[in-house]
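In what follows, every chain begins at residue 1, and chains take the letters A, B, ... in the order their sequences are listed. Both backbone and side-chain heavy atoms feed into the values below; hydrogens, waters and symmetry mates do not.
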Amino acid sequence: MNVALSIARKDLQIEWRTRMLLARVVPFALLVMVLFAVALDSEPLVLRAAAGLVWLAMLFSTMLVVQRAFDIETADAAIDTLLACAVHPARVFFGKALALFVQLFALVVVLVTAAIVLYGVTVSGSRVVLLVTVVISATSGLALVGTLYGAVVANMNGRDSLLPLLALPVLAPLLIGASRATEAAFGSQTIDMANGWAWVGLLGVYGIVFGAAGSAAFSPLTESDS
Amino acid sequence: MASDTTIHLSNVVVALGGFPALAGVTFGVGRGELVALRGANGTGKSTLLRLCAGLVPLTRGAAVVAGVDLLVNRVAVRPHVGLLGHRNGLYGDLTAKQNVQFVADLVGATASDVSSALERLGIDQRVASTSASLLSAGQRRRTALAALVVRRAQLWLLDEPHAGLDAAARRELDVILRDATASGATVLYTTHEIDQVAGTPRTITLDGGCVASDVASTIGSAR
């Protein structure tokens, strides 16, 4: 586990030194939210769509963060250093997923705050607990799937365009679940709290499935035959 | 195979994308030996190092490295091996020290191991605290070598380790390699440079993925 933490710390050190999240990803995500609001141009419609817009912006931003997370491994063949140090691939997977989770969690906090400020969404009482649970479970899913598919495309030509093509369809269930559960947390009339918690359950299962798949598949994905 | 043999290769074939990068290589390297690997570009030197590090699969033949049969489980050899590839394997956005510290964390080395490796490679405080991407080619190579030193591997595999180093750093690297072999480690490194080979006890030359010559020098030690 210490090795996974070392890998996560390394990725976060790199993020801290480059400020990529702050300088590029956060402005991009906020811009997406503002543009959606401008495009919808209707307060009731924006309120209704707020949860979906938050997670859509998260999805697009995740692609940027994941690409960056694997670019640093391939730029100077640093992934070979990890492999040659006999680090268990599952530890690399969970280490990188943990670093992604921390960055994406910071981002979703910004985006939910933006939804409250820009769209006039309100969250109160027991809905806060639901919102926090949704954010944690959906962000975990994003981090796990992002790490898995980041490894899939890491050694491919044209990986910048391949990553969203491959990962976004797989992330569709997460987008639906996170949006519906967040709608419930935002107090939407179209879904009640009980249904919101049911969607959280689905997000939990999704995370467990991709956590297991990622830890098992990471070794063949990172092992090169050349 | 003798128990003091670190590398034993017999008719080794490695095919990369269908191309035989190694086409029947046979040789052995004993524990504590310092061996230079020569050959023109594309003769299979780097592939041979990556094979010994367990990073590419063996297609045919027999290969036992540090007691591990690579045909059975090539990953198992990695804890015994330190590899410095053609590229340095550094994170450009981390400082030189953070890069070495990261490798130390992975292999369980201590902070004093990191300090002594940096000192050994002549990486002063100013360089240590500079991002690897801002360092010169030679400084990056030194940093990668420092990361290799903290691993204390049983088998050192180095791809053009002298490339980009100034004369003083080359001499220091030769001392490090000699010390490593004196303490029982085995060193196999590739080089293009004739004068470098002249000071190495044994030189293996590859041609077309095969061993063209295997010559022991009368000088008997690295410079």
[X] atom [atom1], neighbour heavy-atom count above 12 within 6.0 Å:
X: B:Asp124; atom1: CG; value: yes
X: B:Arg120; atom1: CZ; value: yes
X: A:Arg24; atom1: CZ; value: no

Derivation of the side-chain contact (heavy atoms from CB on, under 4.5 Å) call for A:Arg17 and B:Gln98
CA-CA 12 Å; A:Arg17 291 177 61 82; B:Gln98 284 172 330; 3.5 Å; yes

Measure A:Ala75 against the heavy atoms of chain B and call it side chain, backbone, both or neither at under 4.5 Å.
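Contact with chain B is through the backbone of A:Ala75 alone.
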
Among [options], which residue forms the greatest number of heavy-atom pairs with chain A at distances under 4.5 Å?
options: B:Ala21, B:Ala53, B:Ser131; result: B:Ser131
options: B:Leu83, B:Val103, B:Leu90; result: B:Leu90
options: B:Thr95, B:Leu148, B:Val75; result: B:Thr95

Could you pull out the closest heavy-atom pair between B:Phe102 and A:Leu82, with the gap in Å?
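For B:Phe102 versus A:Leu82, the nearest heavy atoms are CZ-CD2, 3.6 Å.
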
Minimum heavy-atom distance between B:Arg87 and A:Thr74, given as atom pair plus value
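Answer, listing the atom of B:Arg87 first, then A:Thr74: NH1-O, 3.5 Å.
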
Where the side chain of A:Asp76 meets the backbone of B:Tyr91, is there a donor-acceptor pair that is under 3.5 Å apart?
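No, the answer is negative, given that no donor and acceptor are paired below the 3.5 Å cut-off.
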
Does a side-chain N-to-carboxylate-O contact under 4.0 Å join B:Arg50 and A:Asp80?
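Result for this pair is yes, salt bridge flagged.
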
Can you tell whether the side chains of A:Lys10 and B:Asp105 come within less than 4.0 Å, N to carboxylate O?
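A salt bridge is absent here (no side-chain N lies under 4.0 Å from a carboxylate O).
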
Point-to-point distance, once rounded to the nearest 0.5 Å, from CZ of B:Arg151 to SG of A:Cys85:
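Answer rounded to 0.5 Å: 4.0 Å.
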
